[in-house]
2 protein chains.
Amino acid sequence: MSRADTARRSSRPGRAGIRDVAAAAGVSITTVSDALNGKGRLPDATRRHVREVADRLGYRPSAAARTLRTGKSGLIGLTVTTYGDEPFTFTEFAYFAEMARAATSAALARGYALVILPATSRHDVWSNVALDGTVVIDPSDQDPVVSELVRQGLPVVSDGRPAGPLPVTAWVDNDHEEAVLGILDHLADAGARRIGLLTGTSTDTYTHLSTTAYLRWCERVGQDPVYEAYPAHDPCAGAVAADRLLARPDRPDAVYGLFDPNGTDLLAAARRYGLRVPDDLLLVCCSESTVYANTEPPVTTLSLKPRRIGTAVVQLLIDAIEGVESDQPVEQVIPTELIVRTSSERRPPRTTVSAPRSPEAG
Amino acid sequence: MSRADTARRSSRPGRAGIRDVAAAAGVSITTVSDALNGKGRLPDATRRHVREVADRLGYRPSAAARTLRTGKSGLIGLTVTTYGDEPFTFTEFAYFAEMARAATSAALARGYALVILPATSRHDVWSNVALDGTVVIDPSDQDPVVSELVRQGLPVVSDGRPAGPLPVTAWVDNDHEEAVLGILDHLADAGARRIGLLTGTSTDTYTHLSTTAYLRWCERVGQDPVYEAYPAHDPCAGAVAADRLLARPDRPDAVYGLFDPNGTDLLAAARRYGLRVPDDLLLVCCSESTVYANTEPPVTTLSLKPRRIGTAVVQLLIDAIEGVESDQPVEQVIPTELIVRTSSERRPPRTTVSAPRSPEAG
DNA sequence: CTCGTCGGCAGGTACGTTTCTGCATGGTCG
DNA sequence: CGACCATGCAGAAACGTACCTGCCGACGAG
């Protein structure tokens, strides 16, 4: 005998619940759940029957109820740094897009979906979504969001090694020092006498480590550092900084730019000053963009391999969520790749070695 | 007197629940709920007291339970088209990034978060997340995902007008015909005699409408259409198609490229054939990338205003979710913007007008 | 003095699952 | 032939919240 509320529920024109399936299939709720989830001890006939009835009714289990019951939502947070109201950073644009793409792909392959969340602690949004874990991009030290997440016992994996004593579950990063040193050596090999740096004013680890490596290299080879720093999130400031760098009295004859748009900015600035690339100015910048393959001239770029990073970050996070004892270390260093193009290519040896360029002569 | 299960629950080392707050504050669960949600009839003293206790215990309401109870999750799906395993499209890269950025921002401002989901119907993922609604980018006609969502009664807003009789709640799009006609007129004004098109082989609305508009324009002005189509998701195929277009016996003296990378590809191809831009070849492409401001020469681009589209799509969707009777139409057309740069600029008038270029002579 | 009303709160139910426990039934084995 | 076990399934207790309903006291009006 059906009770009143059962009857009322069946008459709901909305979506079919597990109860409706059970009633239609003439079995209990338990049997339906077991049949659909492949659990319990059921003969194949019952399983098939239940599945068929569920299909016929268009039954979709309620994600909210499942999450409430199991404690797992299948959702992974992806924090995006914000400047003002705008999410994402301008400077890491191609990087972020590629990284997010790989992360999305890796997450989906393991049955998880990514939720885009602001790095700023907007409580109302963060607490409104049930997360199984979070991917954090370039966390600042003492990041309040990360602390809160860790306090809740959620696994947190960061892209970029944590700055301070941030207790993340795992992290993935490049070896930025090695990368910068490699580029500087590469430029020196190509004939650079004075290498400049286009860097940022922000305090994130990437900027900091790269700049420090540059300064150390300068000290080692006995070159005066010559660099310009600008707020990397401002797309216009990059062009201005590139111009400033080439306008200096101690103008460098090679430049490494830490951020994606620096290549085109430096090319434009070089044109303004009548400098030929690579003859008068060697150029390398850190970018994931393919446009540098077709610029005039093509620009040598350093790739941080965001695809591999995005994949690794998600794998580590899901491993932690599911309690898989990964034999991978919880700190993964992804190698970078220097894509050498014309802008930094060693000039063909001439009959006479050209005299060291005087910056004032440029 | 505390019952056994209450005691057991209180001993849970995990997160504090609403019960714990109620017990600690010496009030009932109802009072806690009302106090925190600003409902019910409570004196301010009680409200403050409850809030303070909740803060002290670090109470965070369970998103899953709230969702289950209220039926609202605060989550919006964002479908990304996939080619093979990879989410996002290559061709719409900057467009998608900008659009997603604006959408994320708009959603967060209204207390919603975006969930990235694949356009392919991966049932296991889709049904594992409780969505309040979905943003669909460029749905194909009879899109199974959209149909399923609509069947569930969820609002769906699409970026790009739906191709077939797809029953979306609302859509936002540009007027692609008008945009293409405007560009062709612009090129003709700049002196183009034979305008070529670089288009795609896929069947999405954008490609279709743009190509059709081109063909109609050709018919109107009596020009033989000259175009190359390539699979837009393949980044290499674009360079090849650009090359083919300029290698044709009936080589165009102006080209419009429908996709983002076409500008650099066409510039590179023009260099290979010794064509000067804009003197021998006028160039426009549809792109959101800022690199075209600094190429040699700078390239005229058509912007589809993805920021405005992303914002509009999300506003419409949330309005539908919350049942707001928007006075905006459910079909919004966002104007495009032609950013004119050197690559399509009318050559300065010479003493004698140059003779109409014979394509074979190029 | 009584009755209605309103403020201030507590009890309890429902949201839709998963899963623990337990009850039959039928077969096997000592 | 009885004990036992595996099989096939049902009942019911959670998960944590929101909100409907209702109780109690106080106060003003009649």
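These figures come from a predicted structure and were not determined experimentally. The figures that follow rest on heavy atoms only: side chains count, while hydrogens, waters and symmetry mates do not. By convention in this document, chain letters (A, B, ...) are assigned in the order of the sequence lines, proteins followed by strands, and residues within each chain are numbered from 1.
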For DNA chain D, find the residues of residues 37-59 of chain A with a heavy-atom distance under 4.0 Å and give them by number; none if there aren't any. A:R41, A:L42, A:P43, A:T46
Starting at CG of A:L68 and ending at P of C:dA14, how long is that distance when rounded to a whole Å? 17 Å
Measure the distance from CD1 on B:I18 to C1' on C:dG12 and round it to the nearest whole Å. 14 Å
To the nearest angstrom, how far is B:R69 atom CZ from C:dT17 atom C1'? 16 Å
Got a sec, which pairs hit side chain to side chain donor-acceptor pair (under 3.5 Å) with one end in residues 54-73 of chain B, sequence neighbours left out? A:H123-B:R60, A:E148-B:R60, B:S73-B:D132
What residues in residues 27-36 of chain B put a non-hydrogen atom under 4.0 Å from any atom of DNA chain D? B:T30, B:S33
Hey, can you pull the donor-acceptor pairs under 3.5 Å for the side chains in residues 26-33 of chain A, sequence neighbours left out?
from, atom 1, to, atom 2, distance (Å)
A:S28, OG, A:T30, N, 3.3
A:S28, OG, A:T31, N, 3.2
A:S28, OG, A:T31, OG1, 3.2

Kindly write out the residues that satisfy salt bridge (Lys or Arg N to Asp or Glu O under 4.0 Å) with B:R161, not counting sequence neighbours, or none if the list is empty. B:D173
Qualifying salt bridge (Lys or Arg N to Asp or Glu O under 4.0 Å) pairs, either residue in residues 27-36 of chain B, two or more places apart: none
Does A:E322 have any salt bridge (Lys or Arg N to Asp or Glu O under 4.0 Å) partners at least two apart in sequence or in another chain, and if so, which? A:R110
As an exercise, state the distance from CD1 of B:I116 to CD1 of A:I76, rounded to the nearest 0.5 Å. 11.0 Å
Check side-chain contact (heavy atoms from CB on, under 4.5 Å) between B:A35 and all other residues, then give those that pass, not counting sequence neighbours. B:L42, B:R47, B:V50
Once rounded to the nearest 0.5 Å, what's the spacing between atom CG of B:L117 and atom OG1 of A:T104? 9.5 Å
Verify the contact: side-chain N or O of B:R66 to OP1 or OP2 of D:dA18, cut-off strictly under 4.0 Å; return yes or no. yes
